[in-house]
Amino acid sequence: MSDNNMEQAIKDIKAKFNKDYFPYNLGIEIVELAAGFSRVKFTVTKEMQNLHGMAHGGAIFTLADTALGLAANTRGKAVGLQVSINYIRPAKPQTVLIATAEEEQLTRSTGIYNVTVATDAGKKVALFRGVVFRSN
């Protein structure tokens, strides 16, 4: 894909993201978006707490999944096939979490992405891996 086409694809993805209300309602913001790469963030709120008073696994999963979807869709239409997550440490309310998705492998029909979720201080909170189906 040419640089101009990639720039347009990224603009299109950002426009679509602005209409994706689930991540919007969680406060997820795009920090960086490039070919096969994304970085998103949010602040853990009290509404995202689990019964132990730390970030709910579903909220962390959604942040990572959003990063995966953005990175994968820079390469054309992509939907998740399989994902997994490992939680490493808890995150407390008011913690800023950043999910960084990086493309590991790309074929005509699939893509594999690794996502690291960390605090803004760089402490890893979760590791996420996803496989997507690409339909162009």
Side-chain angles (χ1 to χ4, degrees):
M1 186 177 285
S2 73
D3 288 345
N4 287 340
N5 288 346
M6 182 54 68
E7 287 177 26
Q8 187 58 52
I10 289 171
K11 285 180 185 177
D12 292 345
I13 292 165
K14 286 181 177 180
K16 287 180 182 179
F17 179 76
N18 289 334
K19 296 177 184 175
D20 192 354
Y21 298 113
F22 186 58
Y24 173 83
N25 286 324
L26 290 176
I28 297 175
E29 302 171 28
I30 297 173
V31 175
E32 188 176 350
L33 189 58
F37 177 89
S38 76
R39 183 170 285 132
V40 297
K41 71 176 183 174
F42 72 7
T43 301
V44 178
T45 65
K46 67 178 183 165
E47 293 82 11
M48 296 176 187
Q49 291 181 68
N50 66 15
L51 60 107
H52 301 294
M54 56 186 138
H56 193 286
I60 296 168
F61 184 98
T62 299
L63 182 67
D65 189 54
T66 300
L68 165 70
L70 288 167
N73 278 279
T74 63
R75 302 295 196 179
K77 185 177 179 183
V79 295
L81 283 175
Q82 188 279 327
V83 296
S84 65
I85 192 166
N86 294 97
Y87 299 100
I88 298 170
R89 73 169 33 92
K92 296 179 181 177
Q94 301 310 309
T95 303
V96 175
L97 294 182
I98 301 166
T100 304
E102 299 179 273
E103 189 174 84
E104 182 176 307
Q105 175 142 0
L106 189 67
T107 70
R108 283 185 299 148
S109 59
T110 63
I112 301 173
Y113 294 81
N114 293 312
V115 182
T116 301
V117 179
T119 67
D120 58 350
K123 292 185 177 182
K124 288 183 183 173
V125 172
L127 298 173
F128 179 101
R129 185 170 173 91
V131 178
V132 300
F133 173 72
R134 303 177 62 235
S135 63
N136 292 317

* Asked: If you take all heavy atoms of Gly53 and Pro93, which pair is closest and at what distance?
  -> O-CD, 3.4 Å
* Give, for atom CD of Gln105 and atom OG1 of Thr110, the distance between the pair rounded to the nearest 0.5 Å. => 6.5 Å
* Asked: What pair of heavy atoms forms the shortest contact from Gly130 to Val83, and how long is it?
  -> CA-CG1, 3.8 Å
* Measure the CD-CG distance between Glu47 and Leu26 for me, rounded to the nearest 0.5 Å. => 10.0 Å
* Structure fact -> Between Ala101 and Ala71, the two heavy atoms sitting closest are CB-CB, 3.8 Å
* Structure fact -> Those residues at least two apart in sequence (or on a different chain) that pass ring-ring contact (aromatic ring centres under 6.0 Å, His included) with Phe128 are Phe61
* **Co-membership, hydrophobic cluster, residues Phe42 and Ile30, 4.5 Å side-chain** => yes
* To do: Please round to the nearest 0.5 Å and tell me the distance separating atom NZ of Lys77 and atom CZ of Phe133.
  => 9.5 Å
* Asked: Just wondering, do Gln49 and Lys46 contact through their side chains at under 4.5 Å, heavy atoms?
  -> yes
* Are Val31 and Leu68 joined in one hydrophobic group, where the rule is that I, L, V, M, F, W and Y side chains link up if heavy atoms are under 4.5 Å apart? -> no
* Asked: Looking at Val44, Leu97, Thr116, which one forms a side-chain contact (heavy atoms from CB on, under 4.5 Å) with Val125?
  -> Leu97
* Asked: Quick one: CE on Met6 to CG on Leu33, what's the gap to the nearest 0.5 Å?
  -> 9.0 Å
* Closest non-hydrogen atom pair, Thr74 against Ala9 -> O-CB, 4.4 Å
* Euclidean distance, Lys41 NZ relative to Glu29 CD, rounded to 0.5 Å -> 5.0 Å
* Any donor-acceptor N/O pair, Thr95 side chain to Lys92 backbone, under 3.5 Å -> yes
* Looking just at side-chain N and O atoms, do Asn4 and Gln8 make a donor-acceptor pair shorter than 3.5 Å? -> no
* Structure fact -> Minimal heavy-atom distance between Ile10 and Ala35, with the atoms involved, is CD1-N, 4.3 Å
* Asked: Given the rule that I, L, V, M, F, W and Y join up when any side-chain heavy atoms are under 4.5 Å apart, are Ile28 and Phe22 in one cluster?
  -> yes
* **Between CZ on residue Arg75 and OH on residue Tyr113, distance to nearest 0.5 Å** => 6.0 Å
* State, yes or no, whether a side-chain contact exists between Thr100 and Phe37 at a heavy-atom distance under 4.5 Å. => yes
* To do: Find out if a path of hydrophobic residues (ILVMFWY) with successive side-chain heavy-atom gaps under 4.5 Å connects Ile85 to Val132.
  => yes
* **Joint cluster assignment, Ile98 & Phe17, ILVMFWY side-chain distance < 4.5 Å** => no
* Asked: Just wondering, do Arg134 and Leu106 contact through their side chains at under 4.5 Å, heavy atoms?
  -> yes
